[in-house]
Amino acid sequence: MTTTEVQHKPLRVYNSATRSKETFEPLSPDCVKMYVCGPTVYNLVHIGNARPVVVFDTLFRVLQSIYPKVIYARNITDIDDKIIKAAAEQNIEIGELTSRYAKAYSEDMSYLNTLEPSITPYATEHLPEMIAMVQKLVDQGHAYESEGHVLFDVTSMESYGTLSNRSLDDMLDGARVEVAGYKRYAGDFVLWKPSNDSDPGWDSPWGRGRPGWHLECSAMIEKHLGDTIDIHGGGRDLIFPHHENERAQSECAHGGTHYVKYWMHNGYLNIGGEKMSKSLGNFRTVRELLESYDGEVIRLALLSAQYRSELDFSPELLDQAKTSLDTLYGALKAANAASDNSVAAEQTGLQNNVAYQALLDDLNTPLAISELHRLSKEINKNISADESGEILQQLKAQLQSVATLMGLLQHDPEAWFKGGNNDDGAEIDALIAERQQAKVDKNWARADEIRKSLKEQGVELLDSKEGTSWRRI
RNA sequence: GGCGCGAUAGCAAAGCGGUUAUGCCCCGGAUUGCAAAUCCGGUGAGGCCGGUUCGACUCCGGCUCGCGCCUCCA
């Protein structure tokens, strides 16, 4: 490397708060801080819940490619009225329910090739911090106690509503819910609420109770990341009220200090043109989909549209993602077969890679994926042209490095095509050997018979100059 | 009622004021004992109506349709 500074194209991200795409400038280039809202653990997550996880995992990887240290926190909400209800219905302890589904979540997400966040804070482990924050808000006149509840006074904050771009008047105009009697103002939200004897609760200055929904994220960010963070992510449906209220609590508790520099929100995953949601019941769980599709197929499907747009989820989408991955793995496999790995790929770096540039532009994954296809086509052409292995290795290195940034092409190509269980691998190899002999003997009838019978078992034979390989179909 | 998003070829989905997006599907060709894979080529587009411009899918205005938030939700 010369003294010339490397020309980095800047990362650009769409900031929901300003409703525009901005150049990402971290608070400190030495340590970038990102927080993403995680699941409430009372059942299996659906594929819509997986979208932000995959999207922000990709962002995490891109950030790590630029900055030396990135702290990524994703919480687990393990106290919530839905949890209390579900545990009661199933007649089990709350802790049993939440640990079961927190584990399931972690497993499901790992199948989608997501990296572990740097920190996974649990709400129930941060009660002292939450209570302290509520106390601070009460002391500073931003919150008040009423009938055992502590409420945030939204009229006490000048800029309340700026994140979600709405005024207090607008909100009340459209209010569809009855205003609870203990609220001074309809828009006030709960910081702390009383628990009855059968509910889980913690002692507080306002009696035994539990936190309101928005409080945990504020308290955990404060504790683990500080008063101000670079990026806060989540689904679009969290902008209001969740993120608006989080911001209100945190900034008021911190004397007006800016809470989040870049708010990022992914679009909805739809089914049949409608938002997928637990309340509508039109969801598919990740676990259920993993029975039929490799996690990487699901991941590619989720990345096939830019994260801010809506994405209509369908079996066709997954089938297309599967076909796409077959093509990409096919090129990798061919590259492996055609070149000896003794030719070391020169470190080309990512900066000049079109796919990387696309990712730096607010995670333009569809464009990046198209570049993956262009690279794989280049690989195939170079194999046909029988060019030197060096070019092939370069192309392969490019393809793999940028695919890794998207959490794709993480399998061994051979294993990808041969599927999970290789119990019958020896049997297949024996038949291939027999067919090879038949071909030498020009016994085409026997050769075709073997091909046909294996195909009936879901195994397809692929003849090439290098010999015969196979894959599951 | 308030606020916001979208409409691209059979399907999915991007960039871009003028030049092939890309993938899947479909058609033709090369290759192949057969098959697959691969390569080459092709069909096919920008909701509707105006405006700006030498030129608009791309900018501006209107309309239509669809979706979302304002309530738990990724």
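Within every chain, numbering begins at 1; the chains are lettered A, B, ... in the order of the sequence lines, protein sequences first and strands thereafter.
- The aromatic ring of W444(A) sits over the base of rG33(B), with ring centres less than 5.5 Å apart and planes tilted by under 30°.
- A donor N or O paired with an acceptor N or O is found under 3.5 Å between the base of rC34(B) and the side-chain atoms of D463(A).
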Nucleotide-level pairing of RNA chain B, given in dot-bracket where Watson-Crick and G-U pairs need both distances under 3.5 Å and | marks other strands: (((((((..(((.....[...))).(((((.......)))))....(((((..]....))))))))))))....
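- Within the 3.5 Å criterion, the main-chain N or O of T162(A) finds no donor-acceptor partner in the side chain of N165(A).
- Judged by atom type and distance alone, R435(A) reaches the base of rG33(B) through a side-chain donor-acceptor pair under 3.5 Å.
- A salt bridge links K439(A) with D463(A): at least one charged nitrogen is closer than 4.0 Å to a carboxylate oxygen.
- With sequence neighbours excluded, the residues forming a salt bridge (charged side-chain N to carboxylate O under 4.0 Å, His left out) with R287(A) are E107(A), D108(A), listed by chain and number.
- In this structure Y72(A) satisfies the ring-ring contact (aromatic ring centres under 6.0 Å, His included) test together with F60(A), sequence neighbours excluded.
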Worked verdict on R236(A) versus N266(A) for side chain to side chain contact (heavy atoms under 4.5 Å, CB included): CA-CA 5 Å; R236(A) 202 193 284 297; N266(A) 61 276; over 6 Å; no
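- For the segment residues 231-238 of chain A, the set of residues with a heavy atom within less than 4.0 Å of an atom of RNA chain B comprises G234(A), G235(A), D237(A), L238(A), in numerical order.
- Under the salt bridge (charged side-chain N to carboxylate O under 4.0 Å, His left out) criterion, E216(A) pairs with no residue at all, not counting sequence neighbours.
- For Y293(A), there are no ring-ring contact (aromatic ring centres under 6.0 Å, His included) partners at least two apart in sequence or on another chain.
- E316(A) comes within 4.0 angstrom of no nucleic acid atom, judged by non-hydrogen atoms across all strands.
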